[in-house]
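The structure appears below as structure tokens.
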Amino acid sequence: MEKKRLDDYEPGPVPSPRALDRFGFVKQDVSTSDGLGRSRSAYEYARYREERRVRKWRKMIGVGGSDWKHYLRRKPHVVKRRIRKGIPDCLRGLVWQLISGSRDLLLMNPGVYEQLVIYETSASELDIIRDISRTFPSHVFFQQRHGPGQRSLYNVLKAYSVFDRDVGYVQGMGFLAGLLLLYMSEEDAFWLLVALLKGAVHAPMEGLYLAGLPLVQQYLSQFECLVRELLPKLGEHFSNEMINPSMYASQWFITVFSYSFPFHLALRIWDVFLYEGVKIVFKVGLALLKYCHDDLVKLPFEKLIHALKNFPEDAMNPDTLLPLAYSIKISKRLKELKQEYEKKNGKIRRSGELSENPTLPSESN
């Protein structure tokens, strides 16, 4: 029986119009005003501040990002401070490509993405088709069954599964690719996914998706040690209740908070993640536990599990949570814990180095 591709399916009906938030997600509570209830003067002042911020960013990156590398070399402290405050949404897609190194990969590999999508086949195609409707199901771009959004997501995930057959496709990758597609084209999203998993700028993420999820195991081990050291009372309570990070934190690392966190918070985390690396995931996780510490230490096992997967709304405020996360200094300790883990368990196997001109796998591979 011949295997079906997504192109073989007809698009489903277009979902009926519903109230959307500013990011394109269906509003759960249509009574919320999304900021429109503010006074006119407050709204205009907020708009003025945002326009001024966008002008600063445009000046910093130049037309199409032409001045980015020069500015980054001259004023890295300014870049870091501005990224931590949040990248303007209208520039987010471009800036993400610049800070991740994916723009350079795209320019060095013309035509590669098209060949992966059109001419190659993947053993993961049916798995990707099965999972696509589970990725951001409440976002207008992905709601239509086999529609443009789902097709773009399929193409990016299928292309990556061919590009790196050792990693192939794992379900959590859909949230990474889906998030990127909301801010850039298919080809741009593909190369940013490559930059992340292969480590164009920071440590490669592919170990999160290799068989056995070896990098997830390492990160959870490091996180558990940090909780015990920085939040000893909570760490002891977790131990007494037999709670370990695999019960609540795996998705934090696998999807970089894009799976279940409020979208506006996930975006702010991704701004920093792409520039500073995975340590922001540790910092945000620790900041959440620290913020909710006094409540968590009182809860028994079942309520504790529920609380660790359903943090209160005030804890999810980026302007509260992120400054707390930035204040947690863990870089040196993370390196030490990584060395200790590797000494005990061995280094994580890489699936292949990222070359400037990757060769395409043949269909017989």
Side-chain angles (χ1 to χ4, degrees), residues 1-18 20-26 89 92-94 96-97 100 102-103 105-106 109-165 167-198 205 209 254-256 258-259 263 266-267 270 358 360-361 363:
M1 183 173 171
E2 190 177 350
K3 186 167 61 176
K4 277 197 171 187
R5 298 188 179 199
L6 196 66
D7 289 339
D8 298 326
Y9 294 90
E10 287 295 320
V14 177
S16 56
R18 296 173 67 183
L20 305 175
D21 68 12
R22 63 194 177 102
F23 296 112
F25 287 90
V26 174
D89 205 56
R92 193 164 253 133
L94 172 60
W96 280 4
Q97 292 172 63
S100 67
S102 68
R103 174 59 64 91
L105 291 176
L106 170 67
N109 295 283
V112 170
Y113 175 72
E114 182 182 13
Q115 184 169 345
L116 289 167
V117 172
I118 297 176
Y119 300 109
E120 300 289 334
T121 59
S122 166
S124 303
E125 289 175 17
L126 290 179
D127 291 333
I128 296 170
I129 292 172
R130 181 196 65 211
D131 291 340
I132 271 181
S133 60
R134 303 173 188 172
T135 304
F136 297 125
S138 64
H139 194 282
V140 66
F141 185 54
F142 297 113
Q143 278 194 317
Q144 185 184 10
R145 185 169 175 78
H146 309 314
Q150 291 194 5
R151 287 171 186 268
S152 291
L153 183 57
Y154 167 82
N155 287 342
V156 171
L157 294 172
K158 181 249 182 174
Y160 192 87
S161 71
V162 176
F163 178 83
D164 185 348
R165 292 186 189 270
V167 171
Y169 164 74
V170 177
Q171 190 175 359
M173 294 167 64
F175 285 92
L176 271 65
L179 180 66
L180 299 177
L181 282 168
L182 297 179
Y183 284 90
M184 60 195 73
S185 70
E186 277 184 32
E187 188 172 18
D188 290 334
F190 168 77
W191 286 112
L192 208 156
L193 195 62
V194 171
L196 288 176
L197 269 65
K198 290 299 183 182
M205 289 177 63
Y209 309 107
I254 292 173
T255 69
V256 193
S258 62
Y259 172 63
F263 195 68
L267 290 175
W270 269 75
L360 291 172
E363 288 192 17

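All of these numbers come straight from a predicted model, not from anything done at the bench.
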> Where do L153 and A177 come nearest, in terms of heavy atoms and distance?
Replying inline: CD1-CB, 3.7 Å
>> Applying side-chain contact (heavy atoms from CB on, under 4.5 Å), can you list everything that pairs with D131, at least two apart in sequence or on another chain?
In response: R134, Y169, Q171
> side-chain contact (heavy atoms from CB on, under 4.5 Å) with L182: which residues, sequence neighbours excluded?
Replying inline: H139, F141, F142, F263
>> Run the side-chain contact (heavy atoms from CB on, under 4.5 Å) test on Y160 and I128 for me, step by step, so that the C-alpha distance in whole Å, both residues' side-chain angles and the decisive distance to 0.1 Å come before the verdict.
In response: CA-CA 11 Å; Y160 192 87; I128 296 170; over 6 Å; no
> With D89, which residues qualify under side chain to side chain donor-acceptor pair (under 3.5 Å), at least two apart?
Replying inline: R92, Y183
> CG of L180 to CD of E186: how many Å apart, nearest 0.5 Å?
Replying inline: 12.5 Å
>> I'd like to know whether V256 forms a side-chain contact (heavy atoms from CB on, under 4.5 Å) with M205, so could you lay out the CA-CA distance, the side-chain angles of the two residues, the decisive distance to 0.1 Å, and finally the verdict.
In response: CA-CA 11 Å; V256 193; M205 289 177 63; 4.1 Å; yes
> Going by atom types only, do S161 and S122 share a side-chain donor-acceptor pair under 3.5 Å?
Replying inline: yes
> Residues two or more places apart in sequence or in another chain: which of them pass side-chain contact (heavy atoms from CB on, under 4.5 Å) with S133?
Replying inline: Q150
>> Holding to side chain to side chain donor-acceptor pair (under 3.5 Å), I want the full list of residues that pass it with T135, two or more places apart in sequence or in another chain.
In response: none
> Between atom CE of M173 and atom OG1 of T255, what is the distance when rounded to the nearest 0.5 Å?
Replying inline: 13.0 Å
> How far does NZ of K158 sit from CG of D127, to the nearest 0.5 angstrom?
Replying inline: 14.5 Å
>> Within this structure, what is the CG-CD distance for the pair N155 and E187, rounded to the nearest 0.5 Å?
In response: 11.5 Å
>> Would you call the rings of F190 and Y113 parallel, tilted or perpendicular, taking 30° and 60° as the class edges?
In response: tilted
> What distance do L196 atom CG and W96 atom CH2 have between them, rounded to the nearest 0.5 Å?
Replying inline: 10.0 Å
>> Can you tell me how far apart OG (S124) and CD1 (I129) are? Round to the nearest 0.5 Å.
In response: 11.0 Å
> What is the minimum heavy-atom distance between L179 and S258, and which atoms define it?
Replying inline: CD2-CB, 4.3 Å
>> Looking at every non-hydrogen atom in both residues, tell me the closest pair between R151 and H146 and how far apart they are.
In response: NE-O, 2.7 Å
> With sequence neighbours left out, what residues match S185 under side chain to side chain donor-acceptor pair (under 3.5 Å)?
Replying inline: D188
> Looking only at heavy atoms, which two atoms of E120 and V162 are closest? And how far apart?
Replying inline: CB-CG1, 3.5 Å
> Minimum heavy-atom separation for A159 to V117, with atom names?
Replying inline: CB-CG2, 4.0 Å
> Please walk me through it: do D164 and L197 pass side-chain contact (heavy atoms from CB on, under 4.5 Å)?
Replying inline: CA-CA 10 Å; D164 185 348; L197 269 65; over 6 Å; no
> Looking only at heavy atoms, what is the nearest atom pair of I254 and L176, with distance?
Replying inline: O-CD1, 3.4 Å
